[in-house]
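These notes concern the structure reproduced below.
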Amino acid sequence: MSSSVGGADAAEHALFRDLIEQLPDLVCHYEPDGTLLYVNPAYAAHAGQRREDMIGRSFLEFIDAEHRDFIGRALRELMHLTPSNPVGVNEHCSLDARGELAWQVWTDKALFDAGATRPSRFVSIGRDTTEQRRSAEQVQALAELIQRQARELAQVASADNEHSLLVTVAEAARFVHSLESHTDDIGRMADAIRDIAEQTNLLALNATIEAARAGEHGRGFGVVASEVKTLASSTTESLSTIGSLTAQLRNDVAGIVDALARIEASSLRLQESAADLTNVADHAR
């Protein structure tokens with residue numbers, strides 16, 4: 001009977017491990033010098049390597065030369081983490097397996113041996129932020145365009161060129177609507193990432209339970225699963241902040257759209273008045 005129960009526990013433990021390893025986030029467990037003890041398939045795929053070829057080697061070997069020094073400095077900074085402050089967050093980029101620049105936000109958890117004050121190893125989870133950064137850059141570019149359009153609006157108004165004013169307002173409105181669309185895209189990406197974080201949290205919790213059932217055999221993976229759960233919770237908190245900022249951005253965009261509509265209406269009235277004055281002047285000749 002005990003053998004049957006032990007076999008069931010081992011099967012469930014293997015199932016939860018497989019589920020966690022299918023997550024899209026990059027997960028790794030490593031020593032202070034960067035020597036990898038564990039990587040999940042997403043991490044190996046990002047590096048374009050086989051998992052078995054990465055274990056026992058420093059992850060810095062798989063970073064392109066241009067970004068290796070910066071990431072190496074970030075690794076050394078992790079040694080300043082303490083038992084009372086064991087979590088660090090940083091963002092950096094490197095080339096992925098396709099040779100394309102990819103950004104990730106990494107949440108790093110330092111692990112300490114009993115009584116030790118310096119980390120003995122780390123568990124890190126990296127979430128890809130490449131698309132979010134691109135969207136943010138597009139939002140910034142659109143904001144700069146709107147500022148330029150606003151300056152041009154002021155110049156056109158001072159020159160009493162109503163037709164040009166209307167054209168400029170229409171162009172600015174198009175940029176604002178594009179900004180609104182990108183804001184919605186950011187919101188949808190944040191929602192998708194939040195769903196993944198919640199799934200990660202649930203799976204890591206289940207894996208921790210199953211690792212505990214597996215006893216000594218599940219001890220190593222239980223450490224990784226526990227830290228993934230902690231990091232997923234940190235990600236959820238960060239996403240709440242992103243949600244608040246996105247909501248504020250939506251409100252600002254709505255205010256700009258309303259202001260442009262009022263400007264356009266005023267410009268139309270100015271144009272109509274100018275036309276009436278022109279007609280009066282023609283009839284007076």
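Positions are given from 1, in the same order as the sequence printed here.
- Of the possible donor and acceptor atoms, none in the side chain of Asp25 sits under 3.5 Å from a partner among the backbone N and O of Ile125.
- Listed by first and then second residue, the salt bridge (charged side-chain N to carboxylate O under 4.0 Å, His left out) pairs that reach into residues 77-92 are Glu91-Arg133, sequence neighbours excluded.
- The structure places CG of Leu111 at 11.5 Å from CD of Glu31, a figure rounded to the nearest 0.5 Å.
- With sequence neighbours excluded, the residues that form a salt bridge (Lys or Arg N to Asp or Glu O under 4.0 Å) with Arg51 are Glu21.
- Residue pairs that meet the side-chain hydrogen bond (donor to acceptor under 3.5 Å, both in side chains) test with at least one member in residues 65-76, sequence neighbours left out, are Asp64-His67.
- Taken together through direct or relayed side-chain contacts under 4.5 Å among Ile, Leu, Val, Met, Phe, Trp and Tyr, Phe122 and Leu60 form part of one hydrophobic cluster.
- No continuous path of ILVMFWY side-chain contacts below 4.5 Å connects Ile55 to Val27, so the two sit in separate hydrophobic clusters.
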Return a table of donor-acceptor pairs under 3.5 angstrom between the side chains of residues 79-89 and protein atoms on other chains or two or more places apart.
from: Thr82; atom 1: OG1; to: Ser84; atom 2: OG; distance (Å): 3.2
from: Thr82; atom 1: OG1; to: Asn85; atom 2: N; distance (Å): 3.1

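- In this structure, His46 and Leu95 approach most closely via the heavy-atom pair NE2-O, 4.5 Å.
- Taking the six-membered ring where the residue is Trp, Tyr30 and Phe59 present perpendicular rings, their angle passing 60° and hence far from 30°.
- The distance from atom CD of Gln104 to atom CG of Leu26, rounded to the nearest 0.5 Å, is 5.5 Å.
- In this structure, Glu137 does not pair ionically with Arg134, as no charged nitrogen and carboxylate oxygen lie closer than 4.0 Å.
- Linking ILVMFWY residues whenever their side-chain heavy atoms come closer than 4.5 Å, directly or via other members, leaves Leu101 and Ile63 in distinct clusters.
- Separating the CZ atom in Arg118 from the CG atom in Leu78 is a distance of 11.5 Å, to the nearest 0.5 Å.
- By the side-chain contact (heavy atoms from CB on, under 4.5 Å) test, Glu100 is found to be paired with Asp96, Arg98, residues two or more places apart in sequence or in another chain being considered.
- The backbone N or O of Ser58 sits nowhere less than 3.5 Å from a side-chain atom of Thr35 that would complete a donor-acceptor pair.
- In plain terms, the two heavy atoms of Cys28 and Leu36 that are nearest each other are CB-CD2, 4.0 Å.
- Taking the salt bridge (Lys or Arg N to Asp or Glu O under 4.0 Å) definition, one finds that Glu61 meets it with Arg57, sequence neighbours left out.
- Cluster membership check: Phe62 shares its hydrophobic cluster with Tyr43, using side-chain heavy-atom separations under 4.5 Å among Ile, Leu, Val, Met, Phe, Trp and Tyr.
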